[in-house]
Amino acid sequence: MKSSARIVALILAAGFSSRMGSFKPLASFGDSTMIQEACKRFLKAGIADIRVVVGYRADEITPVLDRLGVRWILNEDYDKEMFSSVLAGIKSFEVGVEAFFLLPGDIATFKPETIQALVEAYNSEDPKIIHPRFSGRRGHPPLIPASIAAHAPPPDFPGGMRALLGRFEDRSVDLDVIDEGILLDCDTPTDYASIAERCSRQGVPSESECEKIWSKLKVPGNVIAHCTLVSELARMLAVHLNMAGMSLNIPLIVAAGRLHDIARGEPDHAGAGAKLLAGLGYPKVARIVASHMDMQPHGASLDEADLVYLADKCVEQDRLVTLDERFEESLRRKAAGPEAARKIAERFANAQSIALHIESVLQRPVRDLVLRYKRGLLGAAFGRQRLICLARHGSIRPPSDRKRFIGQLDLPLNGDGILQAELLAEALRDFPLSAIFCSDLKRSADTARAVAEHHRIEFTRRRDLREIALGRWEGLGFDEVIRDFPAEFKARGSDIVHCPPPGGESFFDCALRVISAFYDILNSTRGDILIVGHAGVNRIILSQVLGRSLDGLFGIDQEYGCLNLILQRYPEFELKLQNGSLSEFRRLKAELHTGQIFSEGKIWES
């Protein structure tokens with residue numbers, strides 16, 4: 001195969017997006033849309049011939065494609081299976097097209113570098129189907145020889161394109177890529193929330209991708225241990241600074257900390273590591289890695305590079321040390337001559353300057369923070385699983401005895417609710433919580449406060465964890481809503497996910513903010529945590545954990561004071577307890593303790 005092979009990118013955007021409930025190709029993706037972003041990424045990878053198969057709402061999507069200069073093909077049978085769109089696209093191929101990428105229109109998180117790697121692999125092989133693979137799972141888009149199209153069956157072929165490619169498994173190869181985005185499609189609102197979260201950290205590798213980089217570059221275990229501890233220390237400092245009003249990019253800090261020493265052992269390892277990361281498509285991380293050994297003071301502002309620089313100077317191999325200890329050790333180890341001593345002194349001064357700046361913002365010594373969280377930092381760095389307790393607040397005092405829509409009415413706990421909060425606190429007394437989160441509504445905050453007082457730690461109120469807003473229905477009885485809003489009540493009953501009450505939000509809208517908050521909490525904490533949510537909020541989080549559509553939301557029971565237990569083995573979740581009573585939690589706690597999960601967590605302290 002010649003390197004000048006003519007390759008087409010075929011994107012399928014003709015379907016109804018029925019499971020999503022909104023038109024996926026035109027869904028927002030940062031400052032763009034899903035279909036625009038997919039096209040731009042192919043163009044950036046050097047694929048100039050992009051063709052999009054359209055059908056449903058073609059009149060809306062074709063002007064977007066025309067502005068991009070992208071060719072579109074109309075599938076008049078778009079109401080049939082997706083395979084009809086594949087065939088419509090294949091029919092457009094002229095003689096000379098040698099291979100094509102096949103991409104569903106709801107996938108836009110792949111990296112241009114992945115496309116380039118697939119083309120390179122294709123050019124080095126006899127014509128074969130090349131599947132991108134991450135963590136042992138195949139993703140999108142595969143690169144397919146156009147000769148396969150000659151074997152295309154009719155549109156009603158059972159199993160569609162997947163079954164067709166299965167016929168050629170002996171002509172397929174997998175290419176491992178450092179790109180978790182190849183696995184992210186957008187079938188449900190919770191999927192979309194995950195994609196939006198990834199979009200917000202575009203150009204920053206996930207922790208799972210960092211691990212793949214370690215594996216690809218054969219980074220030694222002692223270097224990984226050092227990098228991980230640097231990452232966790234920098235993360236902790238960033239969380240405190242953001243709580244004090246800054247807006248530091250925590251995922252960027254974590255990734256740069258984990259990858260700053262990937263070229264350790266090479267001359268100018270900071271520059272060598274930066275070059276490797278830029279080549280992998282992570283220029284923002286590369287810039288921080290390039291400066292982690294030596295940096296020039298840059299005035300009054302603190303940035304992500306400062307935190308990684310300081311954290312690196314506070315970690316000697318896999319030990320937390322003071323700046324004095326670190327630089328005294330450097331002088332002893334290197335038996336420094338005048339020039340080396342000058343360089344070490346300069347690094348020490350830079351690190352001290354950053355530490356003093358942090359202390360001026362936080363009004364507390366960095367050393368005190370490190371000592372306070374030392375055991376937690378070590379646990380985060382060297383442990384890879386944790387437990388997420390998700391509770392519903394205690395029972396509330398309703399406006400009357402009738403069943404009413406509550407939503408975001410700010411109601412206090414009633415007598416039973418106060419008792420449920422106290423029982424929850426008692427059940428979690430010996431549980432090694434590192435952080436507690438709740439909404440800013442009284443019922444959630446009062447439940448969280450009861451637990452926090454037992455643990456002598458602060459709890460964090462978040463507005464984005466509020467219950468779903470029910471607008472003009474809040475405080476009204478069901479009979480009043482049916483009487484005064486019959487059409488709206490019926491419409492919401494027929495589409496509970498996407499239809500909001502007057503002046504309120506839909507469950508889709510609620511899911512966007514809740515899932516974003518959930519991942520923000522996960523990304524900014526380590527160790528076992530408690531989230532005190534509401535019935536709707538918890539159901540959304542549990543749908544995400546279980547991989548379910550929001551359509552089944554009300555099949556997830558959440559009683560007042562209940563507890564759900566989620567085991568996170570990064571990057572996966574396992575639901576250990578759902579809508580559980582405190583007695584069920586105690587039994588499960590004993591079982592998990594036997595499995596060492598809880599004993600590992602005990603290294604956490606606040």
Using distance alone, with no hydrogens and no angle criterion, decide if Gln578 and Asp557 have a side-chain donor and acceptor under 3.5 Å apart.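 Checked: Gln578/Asp557 side chains show no N/O donor-acceptor pair below 3.5 Å.
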
Just by distance, no angles: are the side chains of Thr525 and Arg235 close enough, under 3.5 Å, to form a donor-acceptor pair?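 No, because no side-chain N or O of Thr525 sits under 3.5 Å from a partner of the opposite role on Arg235.
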
Are any non-hydrogen side-chain atoms of [X] and [Y] less than 4.5 angstrom apart?
| X | Y | value |
| --- | --- | --- |
| Ile61 | Tyr56 | no |
| Arg386 | Gln568 | yes |
| Arg392 | Val537 | no |

Does the [X] side chain pair with the main chain of [Y], one donor and one acceptor, at a distance under 3.5 Å?
| X | Y | answer |
| --- | --- | --- |
| Asp318 | Ala225 | no |
| Asn249 | Glu304 | no |
| Ser543 | Arg539 | yes |
| Thr33 | Leu26 | no |

[X] and [Y] aromatic centres sub-6.0 Å:
| X | Y | answer |
| --- | --- | --- |
| Phe478 | Phe405 | yes |
| Phe507 | Phe554 | yes |
| His393 | Tyr560 | yes |

For [X] versus [Y], what's the shortest heavy-atom pair and its separation?
| X | Y | answer |
| --- | --- | --- |
| Ala391 | Leu424 | CB-CD2, 3.9 Å |
| Pro501 | Arg492 | CD-NE, 3.8 Å |
| Ile11 | Ala38 | CD1-CB, 4.2 Å |
| Ala14 | Tyr78 | O-CB, 3.5 Å |

Could you check whether the rings of Tyr373 and His240 sit parallel, tilted or perpendicular, using 30° and 60° as the cut-offs?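 It falls in the perpendicular class, over 60°.
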
Salt bridge Arg404-Glu480, side-chain N to carboxylate O under 4.0 Å: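 The answer is yes: the pair qualifies as a salt bridge.
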
